Amino acid sequence: MARIAPVNAKGTRDFLPRDLVRRNRVFSLLRETFEHHGYEPIETPSVENTNVLEGKYGEEGDRLLFRILKRGESLEKAARMLLAEADGDHSAAALSRLFSDEALRYDLTVPFARVIAAHQNDIVFPFRRYQMQPVWRADRPQRGRYREFYQCDVDCVGSRSMTVDAEMVAIYCEVFTRLGYTNFVTRVNHRGLLNSLMAVSAVPEDKRVATMTAMDKLDKIGLDGVREELVKLALGDASVDQLIEMIGLSGTPQAMLAALRPMVADSTEGVEALDELAEVFEYAAAMGVPTERVSFDMSLVRGLSYYTGPIFETVLTDMQFGSLGGGGRYDRLIGQFTGRDLPCVGISFGLERIFDTLSEQDANEEPATTTQALVTLFSRETFAHAFALARDLRAAGICTEVYTEPKKLSTQLTFAKNKGIPLAVILGPEEIAAGAVVLRDMRTSTQRAVPSADAAAQAQALLR
RNA sequence: GUGGCCGUAGCUCAAUGGUGGAGCGCCAGAUUGUGGCUCUGGAGGUUGCGGGUUCAAGCCCCGUCGGUCACCCCA
């Protein structure tokens, strides 16, 4: 019989206990931080109607949607339509739409916007929520990039105040600091500012996306590289020079804002953006964000098309890696569902990238398990004592497993070592006769006999 | 979606077109109640998969799947 190769679907992974124990630690820390700041959890379905998702992420995003094939009658009907129109539009985009009207969620923001639009009357505004769920993108996998990955989103709906935008910066700072990162910075920019830069530099409408994409590559290809790309776009020397001058600005956010102010003086949108950014930096500092943890970065663009105000991206400063998270203000997304805009700002944490970089930082990973104690088994006659002791340990809050059968002790201890269980409990005929058990600390290779009645308390002390 | 590189034991990797190996890990024993050290032995493979060239393919060719890197884009 032909064997089936036990391989994962492209870009997906299995998580074994040692992986999941670590992941859950990160999850817990995020959850705790969000709730400390007054954010409440929600969840949404994995599947959305395609029209909810399409057009929210830009052209690239539509291509990366995982679409769900129609089934049964609908599928046959779609096939008949295709055959009836032999000379119709057979592009991948058109075919996708014909054969599918549902897709896996691409991010957590758009489904969230749908939820807000649908449940406006049940929600107290301003509404702070967080959400940790997998999302799917039909991208080509690379290091730190998967087709199925978890995102943790934090959003606040119903306020135009820059205090909320600053809070996003503060939450980034708190989470990454608590995770042990010492090398990160949250880059901040503003969509309105970018728009006004395009306007005051006389970049034609049809070249603005390409221009911003080129600007976004600054940290990768340098100022000269960006200039080359802009020249290739045939923007004209004056436009190129002005853009390069603005992108090249450096210094404190306050100094950069001051330098920009005269350049965008003719643009209402630009002036407002500068005012908002000034507030964000001021409030973030007041919220305790150190100056080295936040930067004003005019080359930050971000691909998602729904952003309208400040945008954020948190990156590691000492290694070339994708961003650990990003977000921004999107005041007009909910209006696409209800016809009436509701201001929103939110950020996303790339859990996989956090997990990958944390793993790379502490290379000497010890086996991780949730089990704290292993009770060994000797012979049929010791079973009852072992089970009773295991109950004592569990009653004391110690995660305890009893070995499955009476194999020789070295096998059982090796099992404990390989799983990373810190405490082995040995009780054979000798101990039972003495009314005692042996607590062996696997980490220090020390052990001592204690009366069975004290075992749970002593074990607690050892594990503390 | 475009291009480059790579797929050999559980893991890391060897093998001029000519009988597929090593280290680590695993199992057993030395050690009948003690993991890490030492020694001895053992198991484990349709060389990712499918075709082709050849007397002969792990090696060459084509396809395919997967991984990886650079683009694109992104968390």
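The analysis underlying the following values was restricted to heavy atoms, covering all of them including side chains, and did not include hydrogens, waters or symmetry mates. Every chain is numbered from 1, with letters handed out A, B, ... down the list of sequences. If you're wondering where the values come from, they're calculated on a predicted model, not measured in any experiment.
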Has [X] got a side-chain N or O lying under 4.0 Å from the OP1 or OP2 atom of [N]?
X	N	result
A:Lys217	B:rC72	yes
A:Thr411	B:rG35	no
A:Lys408	B:rG29	yes
A:Gln447	B:rU34	no

Review point. Which residue lies toward the 5' end of RNA chain B, A:Gly325 or A:Lys10, if each is placed at its nearest nucleotide?
Key: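 Going by which nucleotide is closer to the 5' end, it is A:Lys10.
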Exercise for review: Using the closest heavy atom to pick a nucleotide of RNA chain B for each, name whichever of A:Ser323 or A:Ile421 lands nearer the 5' end.
Suggested key: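 Looking at the nearest nucleotide for each, A:Ile421 comes out on the 5' side.
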Taking the side chain of [X] as its heavy atoms from C-beta onward, which of [options] lies nearest to it?
X	options	value
A:Ser348	B:rC26, B:rG35, B:rA75	B:rA75
A:Leu413	B:rC71, B:rA75, B:rU34	B:rU34
A:Arg140	B:rC69, B:rG33, B:rA75	B:rC69
A:Phe378	B:rG33, B:rU34, B:rC72	B:rG33
A:Glu431	B:rG33, B:rG35, B:rG1	B:rG33

Please work out which of the three classes, parallel, tilted or perpendicular, describes the rings of [Y] and [X], given edges at 30° and 60°.
X	Y	answer
A:Tyr130	A:Phe34	tilted
A:Tyr306	A:Tyr57	perpendicular
A:Phe387	A:Phe383	tilted

With a 4.0 Å cut-off on heavy atoms, is [X] in touch with a base, just the backbone sugar-phosphate, or nothing at all?
X	value
A:Thr376	nothing
A:Gly327	nothing
A:Phe415	nothing
A:Leu324	sugar-phosphate
A:Gly61	nothing

Just how far, in rounded Å, is [atom2] of [N] from [atom1] of [X]?
X	N	atom1	atom2	result
A:Asp62	B:rG1	CG	C1'	14 Å
A:Leu409	B:rU31	CG	C1'	12 Å
A:Gln142	B:rG3	CD	P	15 Å
A:Leu64	B:rG1	CG	C1'	9 Å
A:Asn8	B:rG66	CG	P	11 Å
A:Arg147	B:rC73	CZ	P	18 Å
A:Met212	B:rC73	CE	P	12 Å
A:Ile221	B:rA70	CD1	C1'	14 Å

Check your understanding: Does the side-chain ring of A:Phe349 sit on the six-membered ring of the B:rA75 base, less than 5.5 Å centre to centre and under 30° in tilt?
Key ->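 No, aromatic ring not over the base.
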Check your understanding: Within a radius of less than 6.0 Å around CD of A:Glu228, do more than 12 heavy atoms belonging to other residues, nucleotides or ligands occur?
Key ->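 Counting other residues, nucleotides and ligands, CD of A:Glu228 stays at 12 neighbours or fewer.
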Check your understanding: So does A:Arg443 have more than 12 non-hydrogen atoms from other groups sitting under 6.0 Å from CZ?
Key ->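 Yes, enclosed.
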Counting only Watson-Crick or G-U wobble pairs whose two distances fall under 3.5 Å, which nucleotide matches [N]?
N	value
B:rC49	B:rG63
B:rG58	none
B:rG29	B:rC39
B:rC71	B:rG1

Once hydrogens and angles are ignored, does a donor-acceptor distance under 3.5 Å link the base of [N] to the side chain of [X]?
X	N	value
A:Gln412	B:rG33	no
A:Arg137	B:rC74	no
A:Arg353	B:rC74	yes

Review point. Centroid-to-centroid, A:Tyr150 to A:Phe27, below 6.0 Å?
Key: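 They qualify: ring centres under 6.0 Å apart.
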Point to revise | Ring-face cation contact, A:Phe184 with A:Arg293, 6.0 Å cut, 45° max | key: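 That pair qualifies as a cation-pi contact.
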